[in-house]
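Written out below as structure tokens is the structure these notes cover.
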There are 2 protein chains.
Amino acid sequence: MAQRTRADALSRERIVEAAVELLDADGERGLTFRTLTERLATGPGAIYWHVPNKGELLAAATASVIGDALTVAATGSPWEEIRALALGLFDAVERHPWLSPQLAVQLSHSPWGSVTPRIFESIGRRVSALGVPEATWFTATSALAHYVFGAAGQNAANARALQVGGADRAEFLRDAANAWEELDPAEFRFLKAIAGQVREHDDREQFLTGIDLILTGIAAQERP
Amino acid sequence: MAQRTRADALSRERIVEAAVELLDADGERGLTFRTLTERLATGPGAIYWHVPNKGELLAAATASVIGDALTVAATGSPWEEIRALALGLFDAVERHPWLSPQLAVQLSHSPWGSVTPRIFESIGRRVSALGVPEATWFTATSALAHYVFGAAGQNAANARALQVGGADRAEFLRDAANAWEELDPAEFRFLKAIAGQVREHDDREQFLTGIDLILTGIAAQERP
DNA sequence: ACCTGAACACCGTTCAAGT
DNA sequence: ACCTGAACACCGTTCAAGT
């Protein structure tokens with residue numbers, strides 16, 4: 001085939017966009033240089049001209065999706081904005097479940113790359129507007145950020161299990177709760193005790209309650 | 001070579017043990033069936049007789065390491081035991097940085113496999129002993145567990161960056177803080193503001209302060 | 001400057017064959 | 001029952017060659 005016309009020219013953005021689509025459709029195993037070259041009707045060499053390697057491609061896909069989630073309408077109290085921001089990230093991980101392992105991988109390759117600072121900045125600005133002592137800002141922001149990723153990761157895992165299993169949420173929780181009620185009480189008496197709560201809880205609501213919990217702790221903290 | 005003698009016979013445990021050693025030494029890319037067969041002086045077929053595939057091997061390695069971290073001496077108030085438990089997990093991820101992406105992967109493949117329930121049980125028992133209303137147990141335990149993994153993951157990332165870069169901690173934080181002070185204030189005024197705190201903070205101490213923050217929020221929560 | 005496509009090294013997994 | 005080791009399909013990456 002001859003050189004591409006201007007209209008279908010490759011670019012880093014088009015490649016990243018296609019990568020996100022493949023990841024959304026089939027998870028991390030859905031993105032290979034074979035599937036990518038097929039979708040973009042090109043060869044591997046063309047992609048390598050725009051992107052140095054697969055790791056960078058995954059990093060760019062992650063940054064792109066997280067960046068969208070961080071643009072939150074700034075209307076409300078800092079407390080409310082933190083809730084909105086956290087919920088935006090939570091939902092982004094639910095829409096793109098591959099984000100969960102991927103964020104951990106990105107972090108472990110370059111902890112302060114491009115994603116973490118932007119998330120810290122977004123959350124931290126609102127924390128600093130809460131009126132708590134400046135000496136607590138960093139720790140408070142860290143606590144919120146860590147909680148958000150932990151919770152979002154677990155939820156993405158549940159979402160994927162639902163998708164694979166083909167069951168609906170209520171059914172999934174009912175089965176899990178029933179299984180827990182059968183557990184050996186010597187080893188798992190706590191899980192048995194809360195099986196009922198698991199059956200009835202709502203993930204997003206519980207997630208936000210966790211945010212409120214941490215914000216309450218932050219507000220209650222004395223000058224260290 | 002003839003069949004192995006009883007002394008050097010393969011077993012699932014020996015394979016998992018070797019896998020953990022390879023992972024500790026070189027991260028996830030250090031564990032391949034080639035390196036594993038070489039270390040165990042055998043062929044791939046032998047390993048596949050004991051372990052169904054690489055995913056299960058990684059899951060077993062994860063469960064093994066997490067299991068060790070969960071066996072905590074039960075002496076102290078519930079609050080203190082939760083701190084000890086959390087710190088044990090935090091340190092385990094620091095010693096085995098591959099745990100961080102791996103936990104996310106395990107979670108997304110089977111969210112309530114074997115690792116998550118055991119962690120929930122360990123934390124939850126102490127939460128239920130705090131004296132807070134039973135209706136809050138599940139949410140409180142979730143918040144703690146999610147925070148622990150998020151924080152441990154970020155810390156593992158930092159630890160690995162240190163290992164790769166060859167720098168020491170103080171130098172690493174100084175460089176990061178200096179870089180943040182140079183950032184564009186329009187985009188990153190919060191990061192600039194806390195650069196000083198970043199330079200001076202201690203990871204483990206900050207992690208425990210986060211635990212206290214959440215526990216304070218839990219204790220302050222009213223009956224929902 | 002941008003793209004093509006064959007080729008390479010490496011990986012997880014299988015399986016017929018041995019003891 | 002347990003292990004061997006060659007073979008297979010697939011993957012990320014390179015690179016000489018084209019326009």
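Chain letters run A, B, ... following the sequence lines, proteins first, then strands; residues in each count from 1. Here the structure is a predicted model, which is why all the values come from computation and not from measurement.
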Self-check item: Distance in angstrom units between B:W49 CH2 and C:dT19 P, rounded
Solution: 19 Å

Practice problem: For A:R199 and A:N178, test the side chains for any donor-to-acceptor distance below 3.5 angstrom and give the result as yes or no. | Solution: yes

Self-check item: Side chain proximity check, B:E171 to B:D175, heavy atoms < 4.5 angstrom
Solution: yes

Quiz item: Is a side-chain donor or acceptor of A:K54 paired with a backbone partner of A:F33 at a separation under 3.5 angstrom?
Solution: no

Self-check item: Test item: A:H201 and A:L173 side chains (from C-beta on) under 4.5 Å apart, heavy atoms
Solution: yes

Self-check item: B:H50 vs D:dA1: side-chain N/O to OP1/OP2 distance below 4.0 Å
Solution: no

Quiz item: Within the side chain of A:T35, is there an N or O that forms a donor-acceptor pair under 3.5 Å with the backbone of A:G30?
Solution: yes

Practice problem: Grab the CD1-C1' distance between A:I47 and C:dG5 for me, whole Å please. | Solution: 13 Å

Polar pairs (N or O, both sides) under 3.5 Å between protein and nucleotides 10-14 of chain C?
residue, atom, partner, partner atom, Å
C:dG12, OP1, B:K54, NZ, 2.4
C:dG12, OP2, B:F33, N, 2.9
C:dG12, N7, B:R34, NH1, 2.6
C:dG12, O6, B:R34, NH2, 3.1
C:dT13, OP2, B:Y48, OH, 2.6
C:dT13, OP2, B:K54, N, 2.9
C:dT13, O5', B:Y48, OH, 2.9

Practice problem: State whether the side chain of B:Y147 and the backbone N or O of B:F207 hold a donor-acceptor pair below 3.5 Å, judged by distance alone. | Solution: yes

Exercise. Under 3.5 Å for both distances, Watson-Crick or G-U wobble, that's the pair rule; now give the dot-bracket for DNA chain D, with | marking pairs to another strand and [ ] for crossing ones.
Key: ||.|||||...|||||.||

Self-check item: Minimum heavy-atom distance between A:S100 and A:V93, given as atom pair plus value
Solution: CB-CG1, 4.2 Å

Exercise. For residues A:E28 and A:L23, report the shortest heavy-atom separation together with the two atoms involved.
Key: CA-CD2, 3.7 Å

